[in-house]
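Here is the naming used below: chain letters follow the sequence lines, and residue numbers restart at 1 for every chain.
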2 protein chains.
Amino acid sequence: MGNKNYTIKDIARMAGVSAGTVDRVLHNRGDVSASSLEKVRKVLDEINYQPNMFAIGLAAKKRYSIVCIIPYYMAYDYWYAVAGGIDRAAQELAPYNVTVNYIHYLHADEDSYRQACTQVLGEECDAVLLAPNFREETLKLTSALERKGTPYAFIDFNVEQTNALCYIGQDSRMSGYIAAKILMRHFREGQEVALFLNNQKQSPAEIQMQRRLEGFMQYLTENHVGLAVHDVVLDKQDADANRRTLDRFFDECPQAVLGVVFNSRVYQVADYLHATGRRMENLLGYDLLKRNVERLKTGEVDYLIGQRPAMQGYCGVKALCTHMVFKRPVTAMRYMPIDVLMKENIDFYFEFE
Amino acid sequence: MGNKNYTIKDIARMAGVSAGTVDRVLHNRGDVSASSLEKVRKVLDEINYQPNMFAIGLAAKKRYSIVCIIPYYMAYDYWYAVAGGIDRAAQELAPYNVTVNYIHYLHADEDSYRQACTQVLGEECDAVLLAPNFREETLKLTSALERKGTPYAFIDFNVEQTNALCYIGQDSRMSGYIAAKILMRHFREGQEVALFLNNQKQSPAEIQMQRRLEGFMQYLTENHVGLAVHDVVLDKQDADANRRTLDRFFDECPQAVLGVVFNSRVYQVADYLHATGRRMENLLGYDLLKRNVERLKTGEVDYLIGQRPAMQGYCGVKALCTHMVFKRPVTAMRYMPIDVLMKENIDFYFEFE
DNA sequence: CTGTTAGCGCGTTCAA
DNA sequence: TTGAACGCGCTAACAG
């Protein structure tokens with residue numbers, strides 16, 4: 001195989017033209033005679049020319065700018081962790097003239113999301129890392145980006161029917177399946193299951209929860225036909241309403257001692273249990289928010305499923321760079337490991353590095 | 001903040017010396033007067049110099065060769081995973097003219113290990129990644145390397161009193177501690193613990209097991225005084241002898257339903273349980289060997305502790321390069337996460353990328 | 001000991 | 001339309 005690294009000079013020599021001409025046809029910026037073009041094309045067809053990325057980066061004085069569109073966050077919550085991973089990648093890539101900037105939006109707020117999408121099109125950037133929210137807005141953005149030839153990648157949630165460079169996140173369905181498996185680990189006859197759900201059906205994150213639920217139900221269908229499963233709908237904010245809901249539920253369904261919360265607010269249920277002194281046999285939730293971890297340690301929560309937010313951010317930025325800066329192929333789907341955290345191993349868990 | 005990208009020329013100008021001198025202190029390759037060194041150091045302290053990686057890559061004519069000394073392996077065993085990580089790093093570093101070669105030895109075979117150590121000194125190489133085995137031989141090798149000025153790093157197991165660039169592996173003591181915590185999770189009064197141990201006291205890996213044992217016992221001391229703990233010594237090879245040992249043990253100690261295997265051969269115990277139809281309440285082992293994973297899935301093994309072999313290989317090679325090629329500081333100790341795998345999440349576990 | 005210099009491969013002038 | 005020349009930032013060799 002021709003594993004030699006050809007340079008532009010090599011090609012120029014082989015084609016009997018100058019390096020400048022080769023460069024012109026490579027970047028088809030015109031002003032090349034038909035005959036020259038022909039000669040260079042011929043050589044290029046025969047060899048496998050791979051431009052030296054170091055030389056490109058150095059000569060072009062090219063600065064790469066990546067914009068990350070993610071929700072606003074507070075210290076130690078989910079998106080805070082994502083941003084941490086992004087920052088780490090940014091630092092690592094700074095020597096390659098890569099700079100990373102953020103555009104934040106209010107999670108599940110359509111106006112805010114639309115505004116973020118509009119803003120990114122205004123700025124000049126070479127690649128976009130997007131934590132998508134509303135489908136329609138997202139599609140508008142991605143097609144605009146495609147028109148501009150700007151590569152983009154999704155993290156956390158995948159929007160199908162786009163041409164994203166890659167998606168990095170968890171296999172939600174599978175994580176639901178595992179949730180069921182773990183929850184049902186110590187199942188004993190007569191026990192029932194509680195699914196704690198959202199009441200904001202319009203939220204885009206709802207789809208992710210839906211997928212988790214699907215996986216969860218699949219496991220039950222396969223292994224526990226006839227099991228009693230209760231839906232308990234909680235509000236994102238209204239603690240009083242939730243307390244009443246839970247009071248009623250636990251009074252009415254004393255057998256429901258196995259519980260799952262498909263959003264990241266298992267602490268809502270756990271705090272209630274903590275306050276009332278009630279106990280469930282097995283309560284499982286998602287994401288290592290501080291409040292969740294506290295309840296894992298105090299024992300109201302038995303399992304937390306982690307989805308490596310920092311690694312998602314890190315890998316997202318890196319993926320865009322391997323494509324854009326290093327010109328190397330990128331895996332289109334990158335599923336994060338499904339970490340299972342318990343009281344016992346939470347202290348020794350650290351996501352990355 | 002000084003987010004400007006300083007160049008060597010900038011530094012030279014600021015320090016009032018030439019670029020060559022700056023380069024000399026950056027790579028501390030000597031021949032610099034105390035005063036010049038002082039001046040340059042001063043500037044470097046004040047700014048945050050980040051060398052342009054494109055320029056480094058482009059200018060690099062030097063070819064670096066790294067030799068990795070690790071045990072022979074078979075597909076999908078522990079060292080196979082390590083090699084996978086090494087290969088990935090090798091691929092990533094190829095553009096910087098780094099090549100990686102292997103020298104293999106027979107694990108726990110002193111002659112073979114000695115031969116590998118001798119061989120590496122014969123070859124010309126610029127850095128060594130070593131999975132150490134016998135202490136004396138290792139010390140001979142490392143002092144020889146130090147005399148030659150060749151940097152080396154350890155993976156998997158740390159040999160103290162050397163000047164290794166870094167050690168990358170698990171905190172064995174801590175992993176033993178966690179093992180105990182997990183094992184004792186569902187402890188009920190009257191239950192006893194079985195520690196399955198090696199009979200090859202001369203083995204170098206024995207020290208690692210010793211540390212795991214220490215951590216394990218520490219947890220028991222802190223939380224379960226007076227607990228009955230039995231040592232069961234198994235042979236690495238002799239299945240018949242092991243069967244007799246285990247028969248006798250389980251007959252004599254029916255209460256010993258919690259078990260740990262500190263080496264990576266928990267499958268020995270698990271296979272026995274599988275064959276005889278006996279059960280333990282909770283059996284925990286180390287490393288995701290295929291045979292171990294099988295027994296995790298069939299249920300004889302309840303937990304496996306992973307130590308990210310691939311990441312160790314990857315980080316080891318990378319560390320040597322950040323020191324040797326990129327002349328940047330390296331963290332001396334790099335502890336891998338302590339992964340806890342169960343039947344439920346083993347299928348969705350993948351170590352790294 | 002120190003400054004100068006010649007590339008590395010490519011993009012970008014600028015004359016011709 | 002084309003070729004030649006310069007410089008990106010850094011390394012390494014060389015001359016003082």
Nearest-0.5 Å distance that lies between atom CD1 in A:I69 and atom OG1 in A:T138: 9.0 Å
Between the CD1 atom in A:I103 and the SG atom in A:C68, the distance rounded to the nearest 0.5 Å is 9.5 Å
Summary of salt bridge (charged side-chain N to carboxylate O under 4.0 Å, His left out) pairs that have at least one residue in [range], sequence neighbours excluded:
{"range": "residues 160-169 of chain B", "value": "B:E160-B:R211"}
{"range": "residues 8-19 of chain B", "value": "B:K4-B:D10, B:D10-B:R13"}
{"range": "residues 125-141 of chain B", "value": "B:R114-B:E137, B:E137-B:K140"}

Tell me, which of residues 14-23 of chain B have any heavy atom that sits under 4.0 Å from an atom in DNA chain C? B:V17, B:S18, B:G20, B:T21
Taking only heavy atoms on the protein side, list every residue of residues 31-45 of chain B lying under 4.0 Å from any atom of DNA chain C, sorted numerically. B:D31, B:V32, B:S33, B:S36
Under the ring pair (Phe, Tyr, Trp, His ring centres under 6.0 Å) rule, collect the residues that match up with A:F157, sequence neighbours excluded. none
Looking only at side chains, do B:Y6 and B:Q50 share a donor and an acceptor under 3.5 Å apart? no
A:Q115 and A:Q119: side-chain donor and acceptor closer than 3.5 Å? no
So, does [X] use its side chain to make a donor-acceptor pair with the main chain of [Y] at under 3.5 Å?
{"X": "B:R88", "Y": "B:G84", "value": "no"}
{"X": "B:E146", "Y": "B:L141", "value": "no"}
{"X": "A:H104", "Y": "A:I70", "value": "yes"}

Under 4.0 Å from any heavy atom of chain A: name the first and the last nucleotide of DNA chain C that qualifies, 5' to 3'. C:dG9 to C:dT12
DNA chain D: 5'-most and 3'-most nucleotides touching chain A, 4.0 angstrom heavy-atom criterion: D:dT1 to D:dG9
Assign [X] to base, sugar-phosphate, or nothing according to its heavy-atom contacts below 4.0 angstrom with the strands shown.
{"X": "A:L58", "answer": "base"}
{"X": "A:K62", "answer": "nothing"}
{"X": "B:F326", "answer": "nothing"}

Contacts satisfying side chain to side chain donor-acceptor pair (under 3.5 Å) that involve residues 36-46 of chain A (not counting sequence neighbours) are A:S33-A:S36
Mind jotting down which residue pairs meet the side chain to side chain donor-acceptor pair (under 3.5 Å) criterion with at least one end in residues 320-333 of chain B? Sequence neighbours excluded, please. none
Both B:R24 and A:A60 contact DNA chain C. Taking the nearest nucleotide for each, which residue is further toward the 5' end? B:R24
Hey, what bend do you get for the helix from C:dC1-D:dG16 to C:dA16-D:dT1 if you fit axes on five pairs at each end, rounded to 10°? 60°
Once the angle between the rings of A:Y64 and B:F54 is folded into 0 to 90°, is it parallel (under 30°), tilted (30 to 60°) or perpendicular (over 60°)? tilted
Which residues share a salt bridge (charged side-chain N to carboxylate O under 4.0 Å, His left out) with B:D171, sequence neighbours left out: none
